[in-house]
Amino acid sequence: MSVVRTRFAPSPTGFLHIGGARTALFSWLHARKHGGPFVLRIEDTDRERSTQASVNAILEGMTWLGLDYDEGPFYQTERFDRYREVIQSLLEQGKAYRCYCTREELEALREEQMRLGIKPRYDGRYRDHDGPPREGVEPVIRFRNPLDGNVVFDDQIRGRIAISNTELDDLIIARSDGTPTYNFTVVVDDIDMNISHVIRGDDHINNTPRQINIFRALGHEPPVFGHVPMILGDDGKRLSKRHGAMSVMDYHDLGFLPEAVLNYLVRLGWSYGDQEVFSVDEMIEKFDISDVNKAASTFNTEKLLWLNHQYIMTGDPQHVARYLSPHMGRAGIDPSDGPTLTDLVVGLRERARTLVEMAEKSRCFYQEFDQYDEKAASKNFKPEAKPVLESLHTALSAVSPWSGETLHQAVQDTAEALDLKLGKVAQPLRVAAVGGPISPSIDVTLELLGRERTLARIQRAIHWIEQRQASASDS
RNA sequence: GCUCCCUUCGUCUAGCGGUCAGGACGCGGCCCUCUCAAGGCUGAAACACGGGUUCAAUUCCCGUAGGGAGCGCCA
């Protein structure tokens with residue numbers, strides 16, 4: 001009856017990128033599925049590179065995605081006393097020792113080993129040192145790794161992984177300034193925070209055996225591990241902060257809905273039969289860490305766009321409208337000067353894959369356009385279009401109420417009265433209404449535009465045709 | 001160089017010894033149609049290679065090739 005507790009442990013050295021977000025998602029889903037807590041821990045022991053701004057950026061990204069945590073955030077820099085205490089006890093038990101090698105000596109050793117074609121590692125020269133401290137060298141503390149035997153663990157995603165202790169060297173657990181290092185703090189924290197399942201990127205697979213040895217030295221059985229594959233960029237290289245990875249907040253800026261990003265991310269490496277679309281509740285219900293794929297996958301923006309479009313089309317219009325709102329602002333559009341955002345979403349959702357696209361396509365409903373699309377105007381505003389537009393103006397002036405049905409009827413009646421196909425009437429009307437050849441169906445377009453704007457724009461088109469005729473006869 | 005990990009359409013994936021190798025994105029065609037979309041139907045498109053094991057391998061084992069990661073007083 002072991003309780004499931006998972007954690008996400010980013011180091012605050014930049015924004016939350018898409019790969020980290022997926023790791024967090026998998027870890028979060030595993031906790032949520034089993035009803036256990038999800039812990040957030042900030043691994044900031046590298047004081048040089050850690051910043052509060054990064055912490056904020058990570059929190060912001062998680063909040064936007066809806067990945068809420070139950071405990072934390074815990075900061076490793078606030079736990080230094082605890083680490084010191086554990087190191088001291090390891091030292092006393094002989095499970096760790098002081099090493100007086102200088103960086104230069106280590107560097108020389110590494111070079112020599114590389115030259116000989118063997119795996120560079122510490123040779124244990126101070127492992128059994130029992131003489132006096134070496135003068136002038138602040139020692140580091142190394143973990144006394146077992147010399148023989150294998151470390152074996154059953155990864156929830158990879159299956160059984162075994163590595164010989166002869167491959168492992170005595171890693172440094174405390175720097176010469178006394179601060180602890182990553183492989184050590186992780187273990188202490190996972191023990192203290194009672195983590196049952198460590199779900200992290202597979203770039204940590206190689207660290208796992210050494211961490212397992214530390215767990216045992218500390219008298220604890222290690223948690224269950226699950227190493228999720230990484231996400232590759234279009235070039236097949238691993239996505240990282242310094243290599244093509246985008247911040248999750250970039251996707252916000254690009255007009256994606258968080259549920260679409262989450263859905264895309266969960267399907268990258270995980271699947272449930274042929275299902276493509278998952279609500280968060282469905283993910284929690286159906287997700288199983290052992291179903292995660294082993295192979296790395298490539299990020300595909302086209303599919304994300306498709307998913308985003310699905311969510312825009314099928315989501316609650318009010319919900320979509322809320323997320324659309326900031327993008328209207330960015331596009332310099334005042335939403336109070338035209339249709340409601342909810343009506344706009346319903347009208348445009350089939351033809352906008354992102355909220356940015358939607359905002360852009362909505363502009364003509366709120367602002368006047370400068371000029372007509374050239375091709376569309378020359379094709380649809382020929383002299384014979386003038387009487388059509390005039391008839392439309394008359395017919396639409398009488399429409400009441402101004403609704404999709406009545407507008408559709410009016411346009412259709414006009415076409416019949418003029419003995420023209422609907423296209424011959426609707427298309428000039430469309431260009432008059434929005435300035436170009438593309439828009440939602442004509443009734444929806446006019447409804448969004450409103451009576452006043454519609455009639456004014458028909459007049460504007462009629463004038464345009466008259467002027468053009470006039471200048472044609474002048475010359 | 002050494003160690004570990006990975007390998008099904010272009011991409012994401014289903015498959016868990018016997019399938020016409022399925023779905024999705026994207027791409028092509030057709031239908032619908034007032035434009036553009038959306039939607040429907042449809043087409044092209046994959047088991048990296050070589051050995052085994054087996055009556056039978058995409059599936060199990062071993063190599064090879066390719067890719068990724070690690071080998072820090074970074075995390």
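Numbered from 1 within each chain, the chains take letters A, B, ... in sequence-line order.
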Q. So does S176(A) reach the base of C73(B) with its side chain, donor to acceptor, closer than 3.5 Å?
A.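 Such a pair exists between side chain and base.
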(Q) So for R351(A) and C36(B), does any side-chain atom that can act as donor or acceptor lie under 3.5 Å from a complementary atom in the base? (A) yes
Under 3.5 Å between N/O atoms: give me all the protein pairs with nucleotides 14-23 of chain B, atom names plus distance.
from, atom 1, to, atom 2, distance (Å)
A14(B), OP1, S271(A), OG, 3.2
A14(B), OP2, N293(A), OD1, 3.4
G22(B), N2, D274(A), OD1, 3.1
G23(B), N2, R267(A), NH2, 3.4
G23(B), N2, E276(A), OE2, 3.0

Q) Got a sec, which pairs hit ring pair (Phe, Tyr, Trp, His ring centres under 6.0 Å) with one end in residues 404-434 of chain A, sequence neighbours left out? A)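 Residue pairs with at least one partner in residues 404-434 of chain A: there are none.
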(Q) Test: ring pair (Phe, Tyr, Trp, His ring centres under 6.0 Å). Region: residues 137-180 of chain A. Which pairs qualify, not counting sequence neighbours? (A)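 Passing the test, one end in residues 137-180 of chain A: F153(A)-F225(A).
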Distance-only donor-acceptor pairs under 3.5 Å for side chains of residues 209-218 of chain A, two or more places apart:
from, atom 1, to, atom 2, distance (Å)
R210(A), NH2, D169(A), O, 3.4
R210(A), NH2, D169(A), OD1, 2.5
Q211(A), OE1, R200(A), NH2, 2.6
N213(A), ND2, N145(A), OD1, 2.9
N213(A), ND2, N165(A), OD1, 3.0
R216(A), NE, E221(A), OE2, 3.2
R216(A), NH2, E221(A), OE1, 3.4

Send over the distance from [X] [atom1] to [N] [atom2], rounded to a whole Å.
{"X": "D443(A)", "N": "U35(B)", "atom1": "CG", "atom2": "P", "answer": "13 Å"}
{"X": "E167(A)", "N": "C5(B)", "atom1": "CD", "atom2": "C1'", "answer": "14 Å"}
{"X": "I87(A)", "N": "C73(B)", "atom1": "CD1", "atom2": "C1'", "answer": "12 Å"}
{"X": "L171(A)", "N": "C73(B)", "atom1": "CG", "atom2": "P", "answer": "9 Å"}

Taking only heavy atoms on the protein side, list every residue of [range] lying under 4.0 Å from any atom of RNA chain B, sorted numerically.
{"range": "residues 95-104 of chain A", "answer": "C101(A), R103(A)"}
{"range": "residues 422-430 of chain A", "answer": "L422(A), G423(A), A426(A), Q427(A), R430(A)"}
{"range": "residues 353-366 of chain A", "answer": "none"}

Q | Listed nucleotide nearest any side-chain atom of I438(A), set C36(B), G70(B), C12(B) | A |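 Looking only at heavy atoms from C-beta outward on I438(A), the closest nucleotide is C36(B).
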(Q) Quick check on G72(B): is either OP1 or OP2 less than 4.0 Å from any side-chain nitrogen or oxygen of R110(A)? (A)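 For R110(A), the contact criterion (side-chain N or O under 4.0 Å from OP1 or OP2 of G72(B)) is met.
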Kindly list each side-chain donor-acceptor pair under 3.5 angstrom involving residues 177-188 of chain A, sequence neighbours excluded, with atom names and distances?
from, atom 1, to, atom 2, distance (Å)
D177(A), OD1, T179(A), N, 2.9
D177(A), OD1, T179(A), OG1, 2.7
T179(A), OG1, R175(A), NH1, 2.9
T181(A), OG1, I172(A), O, 2.7
Y182(A), OH, H204(A), ND1, 3.1
T185(A), OG1, Q76(A), NE2, 3.3
T185(A), OG1, T181(A), O, 3.4
T185(A), OG1, Y182(A), O, 3.1

Q: Return each pair, listed once, that meets side chain to side chain donor-acceptor pair (under 3.5 Å) where at least one residue sits in residues 422-438 of chain A; pairs must be two or more places apart or across chains.
A: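 Qualifying pairs, neighbours excluded: Q427(A)-R430(A), R430(A)-S439(A).
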Q | salt_bridge(D202(A), K294(A)) N-O dist < 4.0 Å | A |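 The answer is no: the pair does not qualify as a salt bridge.
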Q: Output all residues satisfying ring-ring contact (aromatic ring centres under 6.0 Å, His included) with F8(A), sequence neighbours left out; order by chain, then residue number.
A: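 Scan of F8(A) (ring-ring contact (aromatic ring centres under 6.0 Å, His included), adjacent residues dropped) gives none.
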Listing time: all N or O pairs from protein to nucleotides 42-46 of chain B that are below 3.5 Å?
none

Q: Write out all pairs satisfying salt bridge (charged side-chain N to carboxylate O under 4.0 Å, His left out) with one or both partners inside residues 260-279 of chain A, taking only residues at least two apart or from two chains.
A: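 Of all non-adjacent pairs touching residues 260-279 of chain A, those that pass salt bridge (charged side-chain N to carboxylate O under 4.0 Å, His left out) are R267(A)-E276(A), E276(A)-K303(A).
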